[in-house]
There are 2 protein chains.
Amino acid sequence: MTTPATDWLRLDQQICFSLHAASRAFNGVYRVILKDLGLTYPQYLVMLVLWEHGDLPVKALGEHLRLDSGTLSPLLKRLEAAGLVRRERSTRDERSVEVRLTDEGTALREHALQVPRRIAAATGCDVDEIRDLRTRLDQLTSMLDAAAQSEAAGDAGRQ
Amino acid sequence: MTTPATDWLRLDQQICFSLHAASRAFNGVYRVILKDLGLTYPQYLVMLVLWEHGDLPVKALGEHLRLDSGTLSPLLKRLEAAGLVRRERSTRDERSVEVRLTDEGTALREHALQVPRRIAAATGCDVDEIRDLRTRLDQLTSMLDAAAQSEAAGDAGRQ
DNA sequence: CGCGATTTAGTTGTGCACAACTGAATTGTG
DNA sequence: CACAATTCAGTTGTGCACAACTAAATCGCG
C-alpha cells in the first residue's frame, strides 16, 4: 500500500466535495431560471412529477422523489398557497391525501417548457454526455443507498 | 427536431434529479459513518479543510468550501460548542475571525482516517472510476457557475 | 368481530444553503 | 486628514432534508 491513510483524507474530500458542489451549482442555476415561474428547485421537481403522472397521493409523490412527508407536507402547503395544487383527503382511504393540479398548476407547464433548454445550455454538455453522467450517478446512488442500509442495520459484520 | 418540448421535461427531470439524488445518497452514507465522530457532513468538510490547511480565517474557509458566512457562522459556533475549534478575532484585522483547531479538534483527525475507506467501500467503485466522475462533475460545476453568473447578470441577450 | 400491527400525513426540532441585510473595521481617494 | 466604498463576520428569514414522533385510518390475524 503506497498511499498513507493521510492522503486518503484529501482524496476523499475531492470526491464527496465535487458532488456536493455540483449539486449546489445545479441548484443555483435552477434558482435563477425558476425565479420567473415562482418555483424553487424541489417544488419544480414535484411539479414535473405531477405533470408527468397526473394527480397522486403524497405517498406516491414521495416514492418518485425519494422524499418523506416531513419534507413534502410543508412544500405542498406552499404550492397550495401559490394556487398550483389542491390537497384533498381521499374518500376511499382517509389516511391518504391526493395532490391535484389546479388549472393554474396545469397551465404553468407551458411556461416550464423553456426550462430544460436553458439548463442544457448552462451545462454546455451534449445529450449523450449528460446521459452517461446520469447513468453513472444512478449507479452510484443505488450503491450508496444499499450501503446506507447495511451500515444502519447490521453493522456487526463490518470488519 | 424529432423530440417535442414535452419530452424534454422528462429528460430534464432525469438529469437534475439524478444529481440531486446522488448528493442526498452520499449525504446519507456520511451521516451514518460520521455519527461516531459526532460530525455532520458539512462540519466534516470544514474539519477536512482545517486539517489540510491549518488555521484559517472564516473568509478563506468559505472560499475553499464555496460557502458564505451565513452558512459558516452558525456551523462554526456548533463546532466551537463541541470543543473542536476556537474562533478568535484577528488582532491585525479586527474584521477577520481566525478559526483554530483545538487539541481535541486536531486529535479527531486520527478517528477520521477510517472514514474514506468506509466511504470507498460504500460506493463500490474503484479509484479510477471515482476520479473520472470527479473530473466530470468539476467540469459541470464550473460550467454551471459561469452560467449562473451570466443568467443573473446580463439576461438581456438571452434570445 | 375485536384488537394489535401497519400505513399514511402531519408536526417538531435540528442543521444546512442562501439572499438580504447590519455593523464594524479597513482601504482608497481627493 | 476625511469620507465614501469596500471588506468581513454575523443576523434574520425562507426553504429543504431528515430523524423522531403523533394521530388517525386501515388491515389482518385470532
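Quantities reported herein were computed from a predicted structural model and do not represent experimental measurements. Reminder, nothing fancy here: chain letters follow the sequence lines and each chain counts from 1.
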Worksheet item: Nearest of C/dG10, C/dT26, D/dT26 to any side-chain atom of A/Asp93?
Response: D/dT26
Item to complete: Please test B/Asp145 against B/Arg66 for side-chain contact (heavy atoms from CB on, under 4.5 Å), starting from the C-alpha separation and ending with a verdict.
Response: CA-CA 11 Å; B/Asp145 280 348; B/Arg66 295 174 171 276; 3.1 Å; yes
Fill in: Sugar-phosphate, base or nothing in reach of B/Ser96, heavy atoms under 4.0 Å
sugar-phosphate
Worksheet item: Can you check the A/Tyr30 OH to C/dA17 P distance for me, whole Å?
Response: 20 Å
Worksheet, complete the sentence: Taken to the nearest whole Å, CZ/B/Arg92 to C1'/D/dT7 is 15 Å
Practice prompt. Would you kindly give the CG-to-P distance between B/Leu67 and C/dA19, to the nearest whole Å?
Written response: 12 Å
Fill in: For atom NZ of A/Lys35 and atom C1' of D/dT14, their distance in whole Å
15 Å
Fill in: Length of the line joining B/Leu45:CG and C/dG15:P, which is rounded to integer Å
16 Å
Worksheet item: Any idea which of D/dA19, C/dA9, C/dG15 is nearest the A/Asp68 side chain?
Response: D/dA19
Fill in: d(NZ, B/Lys59; P, D/dG10) in whole Å
14 Å
Fill in: Residue whose closest nucleotide on DNA chain D lies nearer the 5' end, A/Gln43 versus B/Arg89
B/Arg89
Practice prompt. Please work out which of the three classes, parallel, tilted or perpendicular, describes the rings of A/Tyr41 and B/His20, given edges at 30° and 60°.
Written response: perpendicular
Item to complete: For B/Leu79 and C/dT14, give me the distance from atom CG to atom P, rounded to whole Å.
Response: 17 Å
Worksheet item: Hey, does A/Lys77 reach any base, or is it just sugar-phosphate, or nothing, if we go heavy atoms under 4.0 Å?
Response: sugar-phosphate
Worksheet entry | Closest listed nucleotide, where the reference is the side chain of B/Arg87 and the choices are D/dC18, C/dA17, D/dG10 | D/dG10
Item to complete: Give a yes or no answer on whether the side chain of A/Asp55 reaches the backbone of A/Leu101 with a donor-acceptor pair at less than 3.5 Å.
Response: yes
Discussion item. Counting the atoms with a prime plus P, OP1 and OP2 as sugar-phosphate, which does A/Pro57 contact under 4.0 Å by heavy atoms, base, sugar-phosphate, or nothing?
Written reply: sugar-phosphate
Worksheet item: Looking at A/Arg31, does any N or O in its side chain come under 4.0 Å of the phosphate oxygens OP1/OP2 on C/dA19?
Response: yes
Response to the item:
All heavy atoms of A/Ala22 vs all of B/Leu144, minimum pair found to be O-CD1, 4.2 Å
Worksheet item: Which of the following nucleotides, D/dA9, D/dC18, C/dT11, is nearest to the side chain of A/Ser69?
Response: C/dT11
Worksheet entry | Base of D/dG15 paired with side chain of A/Thr40 (donor-acceptor, under 3.5 Å) | no
Item to complete: Look at the side chain of A/Arg24 and decide which nucleotide, out of C/dA17, C/dA9, D/dC8, has an atom nearest to it.
Response: C/dA17
Worksheet item: With respect to the side chain of A/Glu94, which nucleotide from C/dA9, D/dA25, C/dC18 is positioned closest?
Response: D/dA25
Worksheet item: With a 4.0 Å cut-off on heavy atoms, is B/Leu72 in touch with a base, just the backbone sugar-phosphate, or nothing at all?
Response: nothing
Practice prompt. On the 0 to 90° scale, with breaks at 30° and 60°, tag the A/Trp51-A/Tyr44 ring pair as parallel, tilted or perpendicular.
Written response: perpendicular
Practice prompt. Decide, yes or no, whether a salt bridge links A/Asp36 with A/Arg118 under the criterion of side-chain N to carboxylate O below 4.0 Å.
Written response: yes
Worksheet item: Given atom CG of B/Asn27 and atom P of D/dC18, what is their separation to the nearest angstrom?
Response: 7 Å
Discussion item. Let me spell it out: for each of A/Arg95 and B/Arg95, pick the nucleotide of DNA chain C with the closest heavy atom. Which residue's pick is nearer the 5' end?
Written reply: A/Arg95
